Amino acid sequence: MAVLSLVLLGGLWSAVGASDMAVVTCGSVVKLLNTRHNVRLHSHDVRYGSGSGQQSVTGVTSVDDSNSYWRIRGKTATVCERGTPIKCGQPIRLTHINTGRNLHSHHFTSPLSGNQEVSAFGEEGEGDYLDDWTVLCNGPYWVRDGEVRFKHSSTEVLLSVTGEQYGRPISGQKEVHGMAQPSQNNYWKAMEGIFMKPSELLKAEVHHAEL
């Protein structure tokens with residue numbers, strides 16, 4: 001039996017087969033799971049009390065939290081057309097749906113682990129070049145059932161979780177930060193969300209690349 005998923009296309013919900021959903025595409029809105037610590041990438045209108053003072057980024061165990069949705073977009077000052085498959089090695093932006101700020105990093109120290117701070121920055125989806133992250137994966141494209149790493153395009157740290165946990169006012173949430181070295185702590189997987197269906201032409205290109 002074919003597995004069906006829902007996608008939003010031109011404002012209409014459509015059911016598509018699992019084979020259509022194999023690649024992650026621009027315009028998709030997803031939750032990202034850190035597979036080592038089983039937390040989803042999260043942000044909210046709570047600022048760091050140290051470092052940059054920008055909007056904090058954390059990891060949460062809840063599956064249902066609406067503050068864990070991120071839109072996949074092209075890198076700064078570019079447009080990635082909706083439905084375009086994300087290539088391994090491609091720089092992207094991740095824009096937090098509820099606050100409109102982009103996943104960001106810079107040379108500030110993270111508050112708990114002393115690694116590099118990861119924050120959410122910008123207004124209405126527009127920030128700067130420090131919002132760009134390169135997708136690291138095996139094969140030609142980022143696929144939904146595959147684990148990926150996100151390398152900050154400017155400072156080259158990897159988006160990571162190592163288990164440090166915040167107290168109030170965000171008790172139980174885990175610190176998200178940037179680490180220089182690859183490890184199991186920096187693997188992520190696309191989970192729940194609205195996945196934009198690739199165009200027929202792009203699906204043909206993906207199929208050809210996989211042969």
Side-chain angles (χ1 to χ4, degrees), residues 23-26 28-44 48 51-52 54-63 65 67-76 85-96 101-121 127 129-166 170 172-193:
V23 294
V24 178
T25 56
C26 284
S28 296
V29 176
V30 302
K31 292 184 178 182
L32 295 168
L33 177 73
N34 182 280
T35 56
R36 173 69 180 274
H37 295 277
N38 199 35
V39 292
R40 284 162 174 77
L41 188 69
H42 177 91
S43 193
H44 39 218
Y48 288 121
S52 69
Q54 293 176 3
Q55 182 171 301
S56 59
V57 173
T58 63
V60 297
T61 56
S62 172
V63 176
D65 197 317
N67 274 316
S68 299
Y69 283 112
W70 302 81
R71 185 182 304 280
I72 302 169
R73 304 169 63 209
K75 69 178 183 177
T76 302
I86 302 294
K87 295 179 180 179
C88 295
Q90 178 177 336
I92 62 168
R93 281 175 293 174
L94 292 168
T95 301
H96 189 243
R101 296 190 171 101
N102 297 322
L103 190 71
H104 183 92
S105 194
H106 40 213
H107 291 297
F108 286 92
T109 301
S110 63
L112 300 183
S113 66
N115 289 301
Q116 185 165 303
E117 183 189 278
V118 170
S119 64
F121 174 76
Y129 69 98
L130 293 173
D131 300 339
D132 295 342
W133 298 80
T134 300
V135 179
L136 304 180
C137 48
N138 295 319
Y141 294 96
W142 177 6
V143 295
R144 279 189 59 183
D145 60 356
E147 294 183 334
V148 300
R149 289 186 169 109
F150 299 102
K151 183 172 76 172
H152 191 238
S153 300
S154 296
T155 66
E156 299 190 342
V157 296
L158 297 163
L159 186 70
S160 304
V161 178
T162 50
E164 293 82 6
Q165 187 167 296
Y166 288 104
I170 50 175
Q173 297 186 22
K174 302 291 180 66
E175 181 184 84
V176 173
H177 51 251
M179 295 184 67
Q181 300 299 324
S183 72
Q184 292 297 316
N185 295 310
N186 31 66
Y187 277 118
W188 300 84
K189 186 176 180 180
M191 299 297 287
E192 306 82 9

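In this text the structure is predicted, and so the values were computed from the model without any measurement.
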Run Asn38 and Leu33 through side chain to side chain contact (heavy atoms under 4.5 Å, CB included) and show every step you take. CA-CA 6 Å; Asn38 199 35; Leu33 177 73; 3.6 Å; yes
Side chains of [X] and [Y] only: does a donor on one sit below 3.5 Å from an acceptor on the other?
X: Thr162; Y: Asn185; value: no
X: His44; Y: Ser56; value: yes
X: Ser113; Y: Glu164; value: no
X: Ser68; Y: His42; value: yes

Side-chain donor or acceptor of [X] paired with backbone N/O of [Y] under 3.5 Å:
X: Thr35; Y: Trp188; result: no
X: Ser43; Y: Ala120; result: no
X: Trp133; Y: Leu103; result: yes
X: Tyr48; Y: Val57; result: yes
X: Ser52; Y: Gln54; result: yes
X: Asp132; Y: Thr76; result: yes
X: Thr134; Y: Ser153; result: no
X: Asn186; Y: Gln181; result: yes
X: Ser62; Y: Val60; result: no

Determine, for Tyr166 and Lys174, whether the Lys NZ or Arg CZ falls below 6.0 Å from the six-membered ring centre while staying within 45 degrees of the axis. no
Using the rule given for side chain to side chain contact (heavy atoms under 4.5 Å, CB included), can you reason through Leu41 versus Phe150, listing the C-alpha separation, both sets of side-chain angles and the distance that settles it, and then say yes or no? CA-CA 12 Å; Leu41 188 69; Phe150 299 102; over 6 Å; no
Contact summary for Pro91 and Lys75, nearest pair of heavy atoms: CG-CD, 3.6 Å
Residues Ser105 and Val157: closest non-hydrogen pair is OG-CG2, 4.3 Å
Are any non-hydrogen side-chain atoms of [X] and [Y] less than 4.5 angstrom apart?
X: Trp142; Y: Lys87; value: no
X: Asn34; Y: Val176; value: no
X: Val24; Y: Val143; value: no
X: Leu32; Y: Leu159; value: no
X: Arg36; Y: Val161; value: no
X: Arg101; Y: Phe121; value: no

Candidate pair Lys31 and Trp70, rule side chain to side chain contact (heavy atoms under 4.5 Å, CB included), full reasoning: CA-CA 6 Å; Lys31 292 184 178 182; Trp70 302 81; over 6 Å; no
Trace of the side chain to side chain contact (heavy atoms under 4.5 Å, CB included) decision for Asn67 with His96: CA-CA 8 Å; Asn67 274 316; His96 189 243; 3.6 Å; yes
Check Gln116, His177, Glu175 against Ser110 for a side-chain hydrogen bond (donor to acceptor under 3.5 Å, both in side chains) and give me the one that passes. Glu175
Applying the side-chain hydrogen bond (donor to acceptor under 3.5 Å, both in side chains) criterion to Asp131, which one of His104, His152, Arg93 satisfies it? His104
If you round to the nearest 0.5 Å, how far is OG1 of Thr61 from CZ of Arg40? 9.0 Å
